[in-house]
Amino acid sequence: MDHLDLPPLSGAAGTVRLPGSKSISNRVLLLAALAEGVTEIHDLLASDDVDRMLEALDALGVRWESLDEPGRYRVHGAGGPLPVKHGDIFLGNAGTAFRPLTAALALSGGHYRLSGVARMHERPIGDLVDGLRQIGANISYKAAEGYPPLVIEPAEIRPGGVVRVGGEVSSQFLTAMLMALPLTGVETRIEVVGELISKPYVEITLATMARFGVVVAREGWRAFVIPGGVRYRSPGAIHVEGDASSASYFLAAGAIGGGPVRVEGVGRDSIQGDVRFAEALASIGARIEVGDNWIEARAPTSGRLEAFDLDLNHIPDAAMTLAVAALFTDGACRLRNIASWRVKETDRIMAMATELRKLGATVDEGDDELVVIPPEVVRYGEIDTYDDHRMAMCLALATLGGTGIRINDPKCVNKTFPDYFAAFASISRPVPVIAIDGPSASGKGTVAARVAERLGYHHLDSGALYRLVALAATRAGVPLDDEGALAALARELPVRFEGGRVLLDDDEVGDAIRAEACSLGASRVAALPAVREALVLRQRAFRRAPGLVAEGRDMASTIFTDAGVKIFLTASAEIRAERRYKQLLEKGMAANMAGLIRDLRERDARDAARAVAPLRQQEDALLLDTSGMSIDEAVDFVLDAAGAGT
Ligand code: DC
């Protein structure tokens with residue numbers, strides 16, 4: 001699947017059980033591998049990054065089994081350095097596997113090559129390598145200096161004393177040193193050079209190490225002392241918390257889309273810094289409640305989030321969610337101190353600025369900050385995701401602006417949250433659509449218009465669009481079989497629907513498109529796939545809050561497949577002919593019943609037989625035979641089906 005079309009939403013509410021935290025999953029796996037004893041892990045995240053770690057451990061001689069329950073694993077600890085002494089390890093784009101494994105392998109006394117995808121080779125690792133070299137590790141760069149791929153050779157490790165590690169590029173370098181150094185058994189002091197970023201991730205590291213029996217002494221964020229003579233010991237069983245970064249999307253959905261949205265799996269006692277995203281949301285007006293193992297978000301009482309200016313260094317990943325939430329605030333928003341975004345899965349500052357602009361925002365990109373000025377209304381956009389799971393996940397929130405969006409390469413969410421879009425759909429309240437189809441002269445147009453009026457919904461007469469293409473083509477002298485030219489015309493069609501009026505280039509054409517010549521032209525252009533394709537997004541754009549009644553051939557089958565109500569409205573050919581007969585007489589036109597019936601039957605047969613979007617009742621559509629019904633009765637039937645009956 002190369003793209004995913006997300007429907008526009010009118011709100012969000014519900015409960016989501018979070019997948020396990022990526023950061024905790026990969027730390028727990030590595031420590032379980034280095035520990036003495038067997039560790040049973042519960043709720044391990046199922047994702048690409050965790051798979052890379054599992055594969056690497058397998059290749060490095062650590063035995064593990066996946067147990068019956070999802071997320072449950074048993075790891076047989078090596079009780080020290082990694083047992084296999086030769087390995088060519090591929091780690092994809094998993095920073096949480098690459099950095100700690102580099103440190104652990106540097107102390108394992110073997111010959112290893114570590115590589116990843118192209119982007120991994122653009123992500124710096126020099127600060128970690130420099131730190132490891134201080135204790136004698138033999139690591140060399142195989143391509144650019146300071147970047148993977150790496151080659152590690154056996155070396156005489158001289159632990160103890162003081163090791164200095166840079167903290168300004170990624171906290172994972174410190175994390176990697178902290179986790180690996182207990183392998184030496186010698187007391188070592190790690191000093192952080194420069195201002196440490198993403199501090200809460202180091203808290204996760206320390207808390208996880210403590211669960212495996214190694215307690216690190218610390219002096220604030222400047223120095224950490226690994227005690228001598230310690231070893232990792234399995235805690236027996238360990239549960240992985242829900243992913244707090246993933247929680248941010250759902251909490252923001254609740255804060256933007258009304259809510260309440262509750263996430264389960266993280267709460268008051270979480271060791272993950274990203275739970276503080278909830279505080280950031282609260283600071284801009286969201287109503288937040290926190291329990292032991294859940295967090296819930298609702299929209300501000302005022303209905304709208306407030307503009308913000310926040311230092312987000314402590315929650316760099318969840319901060320991306322705030323960049324998208326900025327679309328729904330009441331003014332310019334500034335996200336400060338986020339330079340680490342530039343060395344993540346992609347250059348997230350550049351990527352976010354580019355994509356938010358597609359949605360209508362005005363964005364200013366600084367070296368280490370982003371200023372987002374929300375648009376009046378969020379526009380339709382085709383969102384690129386840069387092989388970055390978080391780009392895909394947070395930008396899905398834009399649909400809460402009431403406009404659908406397209407997400408390109410949506411499977412990038414597999415990195416941390418393979419079921420993300422299903423979870424997002426489960427709390428989504430899509431703008432409702434009532435799709436009505438049926439044969440010519442069945443009265444679907446009249447019924448659709450009245451239902452829309454009764455519900456205050458928008459109304460899409462899709463047939464009018466095909467009629468307009470035919471009319472515009474005739475006026476421009478485009479032959480009705482020139483598929484390419486017709487599709488181009490359809491894409492750019494300068495049409496406006498205002499009240500009951502239809503304007504083509506400011507010219508009122510409501511009557512012209514109903515003329516017989518236009519009907520014939522419409523049925524010809526509607527048979528051309530390129531023309532149909534060109535009108536897809538234009539039709540979907542009619543779906544805006546509070547709802548849409550969409551009338552026409554393929555509304556239920558193609559354009560709005562997720563329509564909550566699908567109606568196939570029909571009547572016998574005789575009754576339809578009679579209705580048309582009356583209409584024609586009212587307009588003072590001549591009419592002939594037998595001819596009308598014959599015409600309708602012929603058109604039905606032709607419409608049902610055609611290859612493209614044939615006339616057919618969808619399996620999930622309700623049949624409404626109006627032969628013996630008044631218009632009011634038919635309207636009431638549809639309203640009933642929509643749960644809005646009188
Ligand atoms: O519903 P109508 O008579 O205004 O439709 C005009 C033509 O366009 C008719 O031939 C059916 C076709 N049509 C279509 O193919 N797909 C739609 N969604 C709507 C109309």
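Just so you know, these numbers come straight off a predicted model, no measurement behind them. Both counts, for ligands and for their atoms, begin at 1 and track the order of listing.
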Answer yes or no: does atom CD of E365 have more than 12 heavy-atom neighbours from other residues, nucleotides or ligands under 6.0 Å? yes

Tell me: protein heavy atom nearest atom 13 (N) of ligand 1, and distance? Y466 CD1, 3.8 Å

With a heavy-atom distance limit of 4.0 Å, tell me whether R610 approaches ligand 1 through its side chain, its backbone, both, or neither. side chain

We want to know whether N414 and D48 form a side-chain donor-acceptor pair, criterion being a heavy-atom distance below 3.5 angstrom. no

May I ask you to check whether R579 and T626 show a side-chain donor-acceptor distance below 3.5 Å? yes

Give the atoms of ligand 1, by number and element, whose distance to some non-hydrogen atom of M555 is under 4.0 Å. 18 (N)

Looking only at N/O atoms, are Q539 and ligand 1 under 3.5 Å apart anywhere? no

Would you call K411 and D2 a salt bridge, taking side-chain N to carboxylate O under 4.0 Å as the test? no

If we set the cut-off at 4.0 Å for heavy atoms, which region of E551 has an atom near ligand 1: side chain, backbone, both, or neither? neither

N or O contact, R553 vs ligand 1, cut-off under 3.5 Å: yes

Distance from atom 20 (C) of ligand 1 to nearest protein heavy atom, with residue and atom: G463 CA, 3.5 Å

Specify the protein heavy atom at minimum distance from atom 3 (O) of ligand 1: its residue, its atom name, and the distance to 0.1 Å. R467 NH2, 2.9 Å

SB check D620 K566 (cutoff 4.0 Å): yes

Parallel, tilted or perpendicular: which fits the ring planes of Y420 and F417, with parallel below 30° and perpendicular above 60°? perpendicular

Ring geometry between F497 and F542 (parallel below 30°, tilted from 30 to 60°, perpendicular above 60°): perpendicular

Answer yes when R610 and D554 have at least one side-chain N-carboxylate O distance shorter than 4.0 Å, and no when they do not. no

Check this for me - ligand 1, D554, N or O atoms closer than 3.5 angstrom, yes or no? yes

Before accepting this row, confirm whether a basic side-chain N of the pair K415/D387 lies closer than 4.0 Å to the acidic partner's carboxylate O. no

Taking the non-hydrogen atoms of R524, is any one of them nearer than 4.0 angstrom to ligand 1? no

For atom 1 (O) of ligand 1, the protein heavy atom that lies nearest, with its residue and separation: K444 NZ, 3.7 Å

Can you check whether D5's main-chain N or O pairs, donor with acceptor, with R540's side chain at less than 3.5 Å? no

Among all the protein's non-hydrogen atoms, which is closest to atom 19 (C) of ligand 1, and how far away is it? S462 OG, 3.3 Å

of all protein heavy atoms, closest to atom 12 (C) of ligand 1 is A526 CB, 3.7 Å

I'd like to check whether R532 has a polar contact with ligand 1, where a contact means an N/O of the residue lying under 3.5 Å from an N/O of the ligand. yes

Heavy-atom nearest neighbour in the protein, as seen from atom 7 (C) of ligand 1, with distance rounded to 0.1 Å: A522 CB, 3.7 Å

With atoms numbered from 1 as shown, which atoms in ligand 1 lie under 4.0 angstrom from a non-hydrogen atom of S523? 10 (O)

